[in-house]
Amino acid sequence: MDEATVALIDRIAEGGLAGTVPPKADVVRLLALDPCSPEASYLEERACEVAHRVSGDTGRIAGAVGIDFAPCSMNCSFCSFGERWGVIGEEVVYTEDEVIAMVRAYVEQGATMVTLRSTEFYDLDVLQEWIADIRAQVPGSYEINMNVGELTPERAQAIWECGATSAYHVLRLREGEDTPFDPEVRIATIRAIAASPLLLGTCVEPIGPEHTDDELADGILFGLECSAYSGGVMARVPVPGTPLEHAGTISEDRLMQILAVERIVAGSQYESIGCHPPVERALYAGANSLTVEAGANPRDVEPGAEPWKGFTVAEAKGLLEKAGFAVRLPNPEPRVCPTPRLRTGERTPKPSGRCC
């Protein structure tokens, strides 16, 4: 192996654990490695070590509930919900009782988090009522995460007060090009979440073969700048009928490389990192979180109450435990004592000034 590259990986990994962010040029250097090289294999090994050290050997399972399988006027080029693509035949919108039943099943099976995921313009007043009802009807120690449309500071506060613990929001790769969103609108929501009691979860997504090392480095550093407490990487799924159906997919080797880079760069800031699709190898390359999905899914052309691709909570738990992660929340009372998080400015150097 190249000794200089090994030294770079070690320096970034130790720096991340100490709470420092490497310069972007160093992140790009790691992303430029051959994903099938010995150096990339060593990168994955170090990322796995970091994941165990940061998490205290704990793993997470997120159960996602897609609430509405309905056309969306935003027409993102990779999303099955875009009304222009005509992918959706019959609309399906799950009732509160159906959503609560899916949440209850996830919690009883051992998920540590449930995510309520909606299309961009779903009524957030309705979801706030559902959050309170879920807390009242589904006992247990679990987090409620929101993956919804844009949020104001007032809305983020209200969602917390109803019983949510976190919100997932992303400045997606080539936002404003592959999507019609103004990047500043997405950033405003990220700021609103970061300034509220909600924890911010983010991701580098949706990754395709056309995305450059420079873009990926920006995505990794952006999440850290915004004081996220969790991250992830997501490969783009070629949804039939969407404009990017034939744009290609990245290899598993490449996805693991990107995951490993994010893990060592994020270091102590990210309590957990996930990977989509949820492959076993990810748990040996820096991930300690897996997601199980049901209901409406922007990466599929049909909704279903059964687990997406047959991937269950039991399977996720088995994979995590096999990899040496005990499935539990670091804090069993997430609503009483939120997980401490770093605020912008507490990690140095600050990457770009784009967020908060």
Side-chain angles (χ1 to χ4, degrees), residues 1-2 5-6 8-9 12-13 26-51 76-80 170 172-174 177-178 202-223 231-266 270 273-293 297-301 308-311 315-316 319-320 322-323:
M1 286 192 292
D2 179 69
T5 301
V6 169
L8 175 65
I9 293 169
I12 292 176
D26 284 348
V27 181
V28 171
R29 283 179 62 190
L30 295 186
L31 291 167
L33 293 173
D34 178 349
C36 298
S37 66
E39 290 80 9
S41 295
Y42 180 72
L43 170 65
E44 291 181 32
E45 292 173 9
R46 285 307 315 265
C48 184
E49 292 173 11
V50 170
C76 296
S77 298
F78 43 76
C79 180
S80 62
V170 177
R172 294 162 296 190
L173 294 168
R174 302 195 181 178
E177 299 177 39
D178 291 339
T202 193
C203 188
V204 181
E205 57 111 327
I207 307 170
E210 74 277 16
H211 295 124
T212 66
D213 297 336
D214 191 77
E215 290 175 286
L216 295 170
D218 280 340
I220 290 170
L221 294 171
F222 179 75
V233 296
M234 182 185 296
R236 188 178 62 229
V237 174
V239 180
T242 61
L244 291 176
E245 175 186 357
H246 302 294
T249 58
I250 63 172
S251 68
E252 183 175 294
D253 289 326
R254 178 59 167 165
L255 184 61
M256 294 304 103
Q257 176 192 16
I258 299 166
L259 166 64
V261 172
E262 181 179 62
R263 177 67 277 178
I264 68 168
V265 170
Y270 283 177
I273 289 183
C275 177
H276 196 286
V279 296
E280 181 176 6
R281 182 178 164 189
L283 300 176
Y284 302 90
N288 66 316
S289 176
L290 296 174
T291 297
V292 177
E293 301 179 87
N297 194 321
R299 292 169 291 281
D300 208 341
V301 296
W308 189 61
K309 303 293 187 182
F311 186 65
E315 185 175 356
L319 292 176
L320 282 158
K322 178 182 175 183

Intermediate values then yes/no, side chain to side chain contact (heavy atoms under 4.5 Å, CB included), L173 and L216
CA-CA 8 Å; L173 294 168; L216 295 170; 4.0 Å; yes

Evaluate side chain to side chain contact (heavy atoms under 4.5 Å, CB included) for K322 paired with L283, printing each intermediate quantity in order.
CA-CA 9 Å; K322 178 182 175 183; L283 300 176; over 6 Å; no

Apply side chain to side chain contact (heavy atoms under 4.5 Å, CB included) to M256 and C275, showing your working.
CA-CA 9 Å; M256 294 304 103; C275 177; 3.8 Å; yes

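Taking R46 as the reference, D10, E14, E49 meet the side-chain hydrogen bond (donor to acceptor under 3.5 Å, both in side chains) condition, with sequence neighbours excluded. Residues that satisfy the side-chain hydrogen bond (donor to acceptor under 3.5 Å, both in side chains) test with E205, not counting sequence neighbours, are Y168. For D178, there are no side-chain hydrogen bond (donor to acceptor under 3.5 Å, both in side chains) partners two or more places apart in sequence or in a different chain. Legend: residues meeting side chain to side chain contact (heavy atoms under 4.5 Å, CB included) with E177, ordered by chain and number and at least two apart, are R174. Annotation: side chain to side chain contact (heavy atoms under 4.5 Å, CB included) contacts of R299 (sequence neighbours excluded): R117, M234, V237, H276, E293, N297, W308. For A260, the side chain to side chain contact (heavy atoms under 4.5 Å, CB included) partners are L43, E44, A47, not counting sequence neighbours. Scored by the side chain to side chain contact (heavy atoms under 4.5 Å, CB included) test, C76 finds F78, C79, R172, T179, P180, F181 as partners (sequence neighbours excluded).
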N/O donor to acceptor pairs below 3.5 angstrom from side-chain atoms of residues 242-252, sequence neighbours left out:
{"unit_1": "T242", "atom_1": "OG1", "unit_2": "V239", "atom_2": "O", "d": "2.7"}
{"unit_1": "E245", "atom_1": "OE1", "unit_2": "G241", "atom_2": "N", "d": "2.9"}
{"unit_1": "S251", "atom_1": "OG", "unit_2": "R254", "atom_2": "N", "d": "3.1"}

Which atom pairs, donor and acceptor, lie under 3.5 Å between side-chain atoms of residues 30-40 and protein residues at least two apart or in another chain?
{"unit_1": "D34", "atom_1": "OD1", "unit_2": "C36", "atom_2": "N", "d": "2.9"}
{"unit_1": "S37", "atom_1": "OG", "unit_2": "D34", "atom_2": "O", "d": "2.7"}
{"unit_1": "S37", "atom_1": "OG", "unit_2": "E39", "atom_2": "OE1", "d": "3.4"}
{"unit_1": "S37", "atom_1": "OG", "unit_2": "A40", "atom_2": "N", "d": "3.1"}
{"unit_1": "E39", "atom_1": "OE2", "unit_2": "D2", "atom_2": "N", "d": "2.8"}

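Interatomic distance, CD of E280 versus CG of L319, reported as 5.0 Å (0.5 Å rounding). Atom-to-atom distance recorded for I264:CD1 and I9:CD1 is 6.0 Å, nearest 0.5 angstrom.
The two residues Y284 and C48 make their nearest non-hydrogen contact at O-CB, 3.5 Å. In this structure, A51 and G286 approach most closely via the heavy-atom pair CB-O, 3.5 Å.
Under the 4.5 Å side-chain criterion, counting only non-hydrogen atoms from C-beta, I273 is not in contact with V233. Using a 4.5 Å heavy-atom threshold, the side chains of Y270 and T202 count as touching. Using a 4.5 Å heavy-atom cutoff, the side chains of D26 and R29 are in contact.
The stretch residues 231-243 participates, sequence neighbours left out, in these salt bridge (charged side-chain N to carboxylate O under 4.0 Å, His left out) pairs: E210-R236.
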